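In what follows, a structure is listed as structure tokens, so that the remarks can point back to it.
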Amino acid sequence: MIIKNSEFTISSPSLAKCPEDSKAEYAFIGRSNVGKSSLINMLCNHKGLAKTSAKPGKTLLINHFIINNEWYLVDLPGYGYAKSSKTVRNKLEQMIAQYILQRRQLVNVFVLIDIRHEQQKIDREFVDWLGESNVPFSIIFTKADKLSPAKAKSNALLWMKKLQDRWEELPPYFITSAENKTGKEEVLDYIDRINKTLE
């Protein structure tokens, strides 16, 4: 799939305020500082599409971007940002859960994981929750350029292998780098394949 145009549509403070449109939605989520904005911009060939910030935890709204006038890419707030107040954290968690569990247009959640780190409890809990809630999702490992290709691959395999203690069938995963565009075609082709099944 080639992304010819991508533009920001709306920032919504709640599920109720999201666009009333029947187009398929693909949500991107991860811990603060996982490189989500950079990845979105790389996938869309659009440098300033998702705002990158030096301060983690800046996305506090549900951001919709329309892609090729055919589907939406949805940028969700990061989870587990420790510096937010408990009230803000709870509100965000509620908003994220409502969107993920109740949004009919949502067809896949991409969970972003920093490939440099071992499996973190917060990521694991989130992935398990998606599985228990029967939400279709895939894992995108980010920042692969920070490691050698062999190390990136072994880290990803190890992360996925650890899921086998509870998971019979593992979700699809992708190794990416916003820096050198690794994984771009694989992710976009995956979205394209899902879109074709929805036609």
Side-chain angles (χ1 to χ4, degrees), residues 26-43 50-63 73-101 106 108-180 182-183 186-187 190:
Y26 295 83
F28 285 69
I29 191 168
R31 278 188 310 152
S32 301
N33 222 4
V34 75
K36 182 160 50 84
S37 302
S38 303
L39 180 88
I40 289 170
N41 293 341
M42 179 270 278
L43 290 174
K51 300 285 180 275
T52 53
S53 164
K55 273 192 185 157
K58 285 293 269 191
T59 311
L60 301 174
L61 300 162
I62 301 169
N63 295 306
L73 187 157
V74 182
D75 182 5
L76 292 175
Y79 52 82
Y81 183 51
K83 285 193 180 168
S84 311
S85 71
K86 204 164 191 325
T87 321
V88 170
R89 275 211 307 275
N90 290 346
K91 200 177 155 200
L92 280 177
E93 278 168 22
Q94 215 175 344
M95 178 174 84
I96 291 165
Q98 269 187 339
Y99 171 82
I100 288 174
L101 299 177
L106 178 66
N108 191 71
V109 176
F110 287 106
V111 183
L112 276 59
I113 308 278
D114 188 327
I115 200 160
R116 298 171 298 175
H117 307 309
E118 282 186 15
Q119 198 175 84
Q120 308 279 313
K121 185 168 178 265
I122 190 161
D123 293 320
R124 179 61 198 261
E125 283 173 353
F126 187 73
V127 161
D128 285 347
W129 173 73
L130 289 174
E132 286 154 11
S133 309
N134 289 318
V135 175
F137 77 96
S138 327
I139 290 173
I140 293 185
F141 292 102
T142 62
K143 307 192 181 188
D145 54 284
K146 308 278 191 228
L147 303 172
S148 71
K151 177 69 175 153
K153 194 178 177 186
S154 75
N155 278 16
L157 285 171
L158 192 63
W159 206 100
M160 297 305 292
K161 198 173 176 210
K162 283 192 170 167
L163 291 180
Q164 289 174 336
D165 61 357
R166 281 193 66 189
W167 289 73
E168 279 174 34
E169 197 182 328
L170 297 180
Y173 73 92
F174 304 90
I175 295 174
T176 69
S177 157
E179 197 62 38
N180 54 28
T182 307
E186 289 83 347
V187 174
Y190 180 71

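Computed from a predicted model, the values in this text were never measured in an experiment. The figures that follow rest on heavy atoms only: side chains count, while hydrogens, waters and symmetry mates do not.
To the nearest 0.5 Å, atoms CG (D128) and NZ (K121) are separated by 11.0 Å. Rounding to the nearest 0.5 angstrom, the gap separating the NZ atom in K143 from the NE2 atom in H117 is 7.0 Å. For the atom pair CZ (F28) and CG (L73), the distance works out to 4.5 Å, reported to the nearest 0.5 Å. Rounding to the nearest 0.5 Å gives a distance of 12.0 Å between CG of L112 and CG of N33. Atom CD1 of residue I100 and atom CZ of residue F137 lie 10.5 Å apart, to the nearest 0.5 angstrom. Within the model, atoms CD1 of I175 and CG of D145 stand 12.5 Å from one another, a figure rounded to the nearest 0.5 Å.
The shortest heavy-atom contact between L101 and S133 is CD2-CB, 3.6 Å. Residues R124 and K162 approach most closely at NH1-O, 3.1 Å, considering heavy atoms. The two residues A50 and I40 come nearest to each other via the heavy atoms CB-CG2, 4.0 Å. The heavy-atom pair separating A97 from W129 by the smallest distance is CA-CH2, 3.9 Å. The heavy-atom pair separating I139 from P171 by the smallest distance is CD1-CG, 4.2 Å. When all heavy atoms of T176 and G183 are compared, the closest pair comes out as CG2-CA, 4.2 Å.
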Next item on the list: Report the C-alpha separation of T142 and I113 in whole Å, then their side-chain angles, then the decisive distance to 0.1 Å, and conclude whether the side chain to side chain contact (heavy atoms under 4.5 Å, CB included) test is met.
Entry: CA-CA 6 Å; T142 62; I113 308 278; over 6 Å; no
Notebook entry, point to check: Given the rule in the side chain to side chain contact (heavy atoms under 4.5 Å, CB included) test, do M95 and L92 qualify, once you have shown the distances and angles that lead to the verdict?
Noted result: CA-CA 5 Å; M95 178 174 84; L92 280 177; 3.8 Å; yes
Next item on the list: Output, in order, the C-alpha distance, side-chain angles, deciding distance and verdict of side chain to side chain contact (heavy atoms under 4.5 Å, CB included) for L163 and Q119.
Entry: CA-CA 9 Å; L163 291 180; Q119 198 175 84; 3.9 Å; yes
Margin query: Between L39 and F110, does the side chain to side chain contact (heavy atoms under 4.5 Å, CB included) criterion hold? Intermediate values first, please.
Written below: CA-CA 11 Å; L39 180 88; F110 287 106; over 6 Å; no
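Looking at S177, its side chain does come within 3.5 Å of a backbone N or O of E179 through a donor-acceptor pair. The main-chain N or O of I122 is never found under 3.5 Å from a side-chain atom of R31 such that the two would form a donor-acceptor pair. The main-chain N or O of L130 is never found under 3.5 Å from a side-chain atom of E132 such that the two would form a donor-acceptor pair. Side chain of N155 to main chain of I115: a donor-acceptor pair is present (N/O by atom type, distance under 3.5 Å, no hydrogens or angles).
Checked against side-chain contact (heavy atoms from CB on, under 4.5 Å), S154 has the following partners two or more places apart in sequence or in another chain: K151. Listed by chain and number, the residues in a ring-ring contact (aromatic ring centres under 6.0 Å, His included) with F141 are W159, Y173 (sequence neighbours excluded).
Within a 6.0 Å sphere centred on CD of Q164, other residues, nucleotides and ligands contribute more than 12 heavy atoms. Environment of CD in E93: crowded, with over 12 heavy atoms of neighbouring residues, nucleotides or ligands closer than 6.0 Å.
Counted by atom type alone, N108 and S138 present one or more donor-acceptor pairs between their side chains at under 3.5 Å.
Ring-plane geometry between Y79 and F126 is classed as parallel, the angle between the planes falling under 30 degrees on a 0 to 90 degree scale with a further cut at 60.
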